[in-house]
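Here's the structure we're looking at; comments come further down.
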Amino acid sequence: QVQLVESGGGLVQTGDSLRLSCAASGRTFSAYYMGWFRQAPGKEREFVATISGGGSRTDYADAVQGRFTISRDNTKNTVYLQMNSLKPEDTAVYYCVADRTYSNSRNGATYDYWGQGTQITVSS
């Protein structure tokens, strides 16, 4: 069982930067593929980024490629999402996810564990 707790959300302006953190419980954090999804009001949940257990492989949605960076510190059981050049369309609840089976999946249904979510609001 893995518990995920996100932090770092808030209200920012267009062009600002923000870093989300996700702390995971458990002793085998490096065995998990980790990722971020988001859901804006009235929209479906969408993939943002994912990272392999060792951190060598990452994948990003086209909408955030070049602006967001996912990373992890396995000594701290934490995954991060550095978000730069934020836009109003990045406004959403951001969820941290974890899975041991599916390699860098973009499909939310493949992730067994989800955090409670943290709100990001980007004002124009």
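Everything quoted here is computed from the prediction, not taken from an experiment.
- Here the side chain of Thr121 pairs no donor or acceptor atom with the backbone of Gly10 at under 3.5 angstrom.
- Under the 4.5 Å side-chain heavy-atom criterion for Ile, Leu, Val, Met, Phe, Trp and Tyr, Leu4 and Met83 are members of the same hydrophobic cluster.
- Residues Thr118 and Ser7 form no side-chain contact, since every pair of their non-hydrogen atoms from C-beta on lies 4.5 Å or further apart.
- In this structure, Phe68 is not a member of the same hydrophobic cluster as Tyr111, with clusters built from ILVMFWY side-chain heavy atoms closer than 4.5 Å.
- Contact of the Arg106 side chain with the Asp59 side chain is registered, since non-hydrogen atoms from C-beta on lie closer than 4.5 Å.
- Atom OH of Tyr33 sits about 8.5 Å away from atom CG of Asp99, to the nearest 0.5 Å.
- Side chains of Gln119 and Leu11 form no contact here, defined as non-hydrogen atoms less than 4.5 Å apart.
- The closest side-chain heavy-atom distance from Thr101 to Thr110 is not below 4.5 Å.
- Here the side chain of Thr14 pairs a donor or acceptor atom with the backbone of Ser123 at under 3.5 angstrom.
- Contact check for Tyr60 versus Thr69: side-chain heavy atoms found under the 4.5 Å cut-off.
- Within a 6.0 Å sphere centred on CD of Gln116, other residues, nucleotides and ligands contribute more than 12 heavy atoms.
- Summarising the geometry of Phe47 relative to Ser105, their closest heavy-atom pair is CE1-O, 4.0 Å, with the distance given to 0.1 Å.
- A distance-only check finds a donor-acceptor pair linking the side chain of Thr50 to the backbone of Met34 [under 3.5 Å].
- Here the CG-CZ distance, from Asn107 to Phe37, works out to 7.0 Å after rounding to the nearest 0.5 Å.
- Applying the 6.0 Å contact sphere to CD of Gln13 captures no more than 12 heavy atoms from other residues, nucleotides or ligands.
- The CD atom of Gln39 lies 8.5 Å from the CD atom of Glu44; values are rounded to the nearest 0.5 Å.
- Side-chain contact check for Arg67 versus Asp90: some heavy-atom pair is nearer than 4.5 Å.
- With hydrogens and angles ignored, the 3.5 Å screen pairs no side-chain donor or acceptor of Asp16 with any backbone N or O of Leu86.
- Atoms SG and CG, on Cys22 and Asn77 in that order, are 10.0 Å from each other to the nearest 0.5 Å.
- By the criterion of side-chain heavy atoms lying less than 4.5 angstrom apart, applied directly or through intervening Ile, Leu, Val, Met, Phe, Trp or Tyr residues, Ile120 is not grouped with Trp114; the two fall into different hydrophobic clusters.
- Remark: Arg72 qualifies as a cation-pi partner of Phe29 under the 6.0 Å distance and 45° angle criteria applied to the six-membered ring.
- A single hydrophobic cluster is seen to contain both Tyr113 and Ile70, as judged by linkage of ILVMFWY side chains at heavy-atom distances under 4.5 Å, directly or through other members.
- A continuous path of Ile, Leu, Val, Met, Phe, Trp and Tyr side chains, each step under 4.5 Å between heavy atoms, connects Leu81 with Val122, placing both in one hydrophobic cluster.
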